[in-house]
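Okay, structure first, notes after.
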Amino acid sequence: MSSPFGSWSSPFTAASVAASAPRIDGARFVGSAIWWGESVPAEGGRMTVRSSDGSEMLPAPWSARSRVHEYGGGAWTADADGILYFVHAGDQRIYRLTAGSEPRALTPAGPAHGGLRLQDGRLLAIREDLDAVPPLRAVIEVPVDGSAADDPTALRTFVESDLFFAHPALSPDGSRLAWVEWSGERMPWQSAQLAIAAIDEGTVTRPETRAALQPEWRSDTELVYSDDPSGRWQLHRREVDRSGAAQAAEPLTTTDADTGYGLWVLGNRWYRPLADGRTVAVRTNGRDEVAVIAPDGATTALDVPCDGHVSVDDVSGPRVLLSGNGSSTAPGVWCVDLDSGDISVVTGGAPVDTGWMPPAQPIEIDGGRGAVHAFAYAPAHPTASAPTGELPPYVVFVHGGPTAHVTGAASTAIAFYTSRGIGVLDVNYGGSTGYGRAYRERLDGAWGLVDVDDVIAAARGLADAGLADPRRIAIRGSSAGGWTVLSALVRGGAFAAGISRYGVADLRMLAEHSHGFEELYVAGLVGPLPAAEELYVERSPLTHADRIDVPVLLMQGEDDRVVPPSQSEAIRDALAAHGVDHEYVLYPGEGHGFRSATTIVDALERELAFLGRVFGFTPAR
């Protein structure tokens, strides 16, 4: 018996989505075990560290989360003996934890830390002191004996300034240190400098680079890193002498794909050199591919389950740890033996039931300014069907960033909709990563124009192809994605409803509240202030809220420091003043991104009820 789209019964409840959505944060070989970071939604999103032997290595209330550059990353590492080093979310100090004991502070109170890296017993970190004027950041070495906990002079500082830093890497002999740095006038995916320090001499060499990422030493004299002078992030190598002077760069790869993407967080690793000279690297062109590069440059793709946001977290001999998500598997961690070809699941990674969750279809649409890339998830149910002639409602998902990307991954959050008969179109609008520099730069100076044009083109393309009911297409996004939601609703004509999670409503307000990492980000996307103030006013959805004539659901974290509640409340008040159907929900204790299971459940259930009310279907209980 058929039933209307949107009313199908589904096993994907909001509670099951929340329970199945822990975020993986890196993995390490630790002795004979494998450890990984994992969020605990039931504990407010606390980040713990677990072991393949079934143990929890970081007990409550401790939480490994960094706030360096606001978005953090690299908040934990461990040595072969099972000693855990982590940044505690509560005070941003680095701690050392040995089994059976309490965590011991390694850094003084005050600054934040992140980007931890342990090499040959030496603990490297990025430090950020926002109380300094101007704010100061540094690449430091932290004594693991705790001597610096109350004595800042015991810390070794390699470089300190108002620049931003990431990815410190020691040469095997410990004599040189490489990192990447950028000024903040441009974002790291636009311009980032490779730096090489000769530690004993106190000199720093900065060879020419464009947007350098992740330096790694393959020997005492060979440094590998990713850069995009060709318009795609490719691996390059340089010979480096004892003084840190580097010879000309030589490309190691020349593929039409990216090894790297936006440096929002400090913990990502897109490749790893192996001791035998091979390199395992992620190559992204929409979806990810993992490849092995031989010393002679010959490249072989690996048949692995993960193909989205893959991180090469660790290597040990021929074994490699990969974390990420997949188009046919749940997010997880996998151990791959390059010699035997064996692949084992460490955590997560369960195959999805394609009857409920068929793979997303990559599609390309003419957006007027060029091709627009997206992934389409059609409604799917093993037994349910809709009445003949009925077209399904769709929700167009708009990712945040805006310099980010989606990968067509299997997702219980998406299956929550598709299994009920609501299609999802996940759009990589112009400005997204994963398609090269030219595609990223399409958004420069045009935020609020290109992204809106592209999501509207994607929605209309779906309807013109007869795949979606043109009268029942909604748009949903978070943060910068929420900005595009509101901007598209202001434009009008394409969407019958909008869902904005902590979305930007007023560009001037965003610029006023922007933290250091993103202080000049909007200037590149729109224009510099005060010269471009009229443009900020003109493009802000709040300015034209009177043009919104469809229902809107607004959801906001009370403790959000990136997009504070004043943003959502300003658009709420404007909608109320013009009599527009809307709902507003403020979640106490939530920041920029919802982490608590209670919040995740409530938000999903509200979204479904909202769509049912607007589109005229009754969701199944």
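Positions are given from 1 along the sequence.
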Ignoring hydrogens and geometry, is there a side-chain-to-backbone donor-acceptor pair from Arg232 to Asp256 under 3.5 Å? yes

Looking at Gly527, is its backbone amide N or carbonyl O close enough to the side chain of Tyr536 to form a donor-acceptor pair, meaning the two atoms are under 3.5 Å apart? yes

Go through the structure and list residues passing ring-ring contact (aromatic ring centres under 6.0 Å, His included) with Tyr429, not counting sequence neighbours. His399

Without hydrogens or angle criteria, can the side chains of Tyr584 and Glu569 be said to hold a donor-acceptor pair below 3.5 Å? yes

Ile473 to Pro470 - nearest heavy-atom pair and separation: CD1-CA, 4.1 Å

Backbone N/O of Met357 and side chain of Thr354: donor-acceptor pair under 3.5 Å: no

Please tabulate, one pair per line, all N/O donor-acceptor pairs under 3.5 Å involving side-chain atoms of residues 364-378, not counting sequence neighbours.
residue, atom, partner, partner atom, Å
Asp366, OD1, Gly368, N, 3.0
Arg369, NE, Asp453, OD2, 2.7
Arg369, NH2, Asp453, OD2, 3.1
Tyr377, OH, Ala409, N, 3.2
Tyr377, OH, Ala409, O, 2.8

Partners of Glu289 by salt bridge (Lys or Arg N to Asp or Glu O under 4.0 Å), sequence neighbours excluded? Arg283

Pair Gln214, Ser226 - check side-chain contact (heavy atoms from CB on, under 4.5 Å), show working. CA-CA 6 Å; Gln214 194 193 332; Ser226 190; 5.8 Å; no

Please assess Val552 against Ile548 for the test side-chain contact (heavy atoms from CB on, under 4.5 Å), listing each intermediate value before the final yes or no. CA-CA 9 Å; Val552 183; Ile548 299 177; 3.9 Å; yes

Does the ring centre of Trp189 sit less than 6.0 Å away from the ring centre of Tyr521? yes

Set out, in order, the CA-CA distance, both residues' side-chain angles and the distance that settles side-chain contact (heavy atoms from CB on, under 4.5 Å) for Glu607 and Met555, then state yes or no. CA-CA 10 Å; Glu607 288 181 9; Met555 292 182 284; 3.2 Å; yes

With ring-ring contact (aromatic ring centres under 6.0 Å, His included) as the test, would you mind laying out the steps for Phe12 and Tyr417 before giving the verdict? CA-CA 9 Å; Phe12 295 96; Tyr417 294 98; over 10 Å; no

Please table the atom pairs, donor to acceptor, closer than 3.5 Å between any side-chain atom in residues 321-329 and protein atoms at least two apart or in another chain.
residue, atom, partner, partner atom, Å
Ser323, OG, Asp313, OD2, 2.6
Ser327, OG, Asp307, OD2, 2.7

Between Glu590 and Thr599: side-chain donor-acceptor atoms closer than 3.5 Å: yes

Please enumerate all residues that pass salt bridge (Lys or Arg N to Asp or Glu O under 4.0 Å) together with Asp228, with sequence neighbours excluded. Arg437, Arg440

Can you tell me if Ser540 and Thr543 form a side-chain donor-acceptor pair at under 3.5 Å? no

Verdict with supporting geometry, Trp264 and Phe517, ring-ring contact (aromatic ring centres under 6.0 Å, His included): CA-CA 9 Å; Trp264 286 100; Phe517 176 72; 5.7 Å; yes

Applying side-chain contact (heavy atoms from CB on, under 4.5 Å), run through His592 and Tyr502 and close with a yes or a no. CA-CA 7 Å; His592 197 65; Tyr502 38 93; 3.6 Å; yes

Will you find, in the side chains of His405 and Thr433, an N or O donor that is under 3.5 Å from an N or O acceptor? yes

Donor-acceptor pair, distance only, cut-off 3.5 Å: does the side chain of Arg539 make one with the backbone of Val526? no

Quick test of your reading of the model: are Arg472 and Glu390 salt-bridged, counting only N-O distances below 4.0 Å? yes

Please enumerate all residues that pass salt bridge (Lys or Arg N to Asp or Glu O under 4.0 Å) together with Glu583, with sequence neighbours excluded. Arg613

Quick one: is the NZ or CZ of Arg476 closer than 6.0 Å to the six-membered ring centre of Phe397, and within 45° of its axis? yes

Spell out, as yes or no, whether a donor-acceptor pair under 3.5 Å connects the side chain of Thr412 to the backbone of Ala415. no

Under a plain distance cut-off of 3.5 Å, with no hydrogens placed, do Asp559 and Tyr587 share a side-chain donor-acceptor pair? no

Main-chain N/O of Glu538 paired to His544 side chain as donor or acceptor, under 3.5 Å: yes

In a check of side chain to side chain donor-acceptor pair (under 3.5 Å) between Gln234 and each of Asp258, Thr259, Thr253, which one passes? Thr253

Is it the case that the side chains of Thr484 and Asp451 hold a donor-acceptor pair, with the cut-off being a distance below 3.5 Å and no angle test? yes

Answer with yes or no after comparing the ring centroid distance for Trp233 and Trp270 against a 6.0 Å cut-off, counting only values under it. no

Heavy-atom donor-acceptor pair, Arg420 side chain to Phe416 backbone, under 3.5 Å: yes

Report yes or no: does Gln556 contribute a side-chain atom to a donor-acceptor pair with the main-chain N or O of Val563 at less than 3.5 Å? yes

Taking atom types as modelled, find out whether Glu518 and Tyr71 have a side-chain donor-acceptor pair closer than 3.5 angstrom. yes

Salt bridge Arg23-Glu38, side-chain N to carboxylate O under 4.0 Å: no

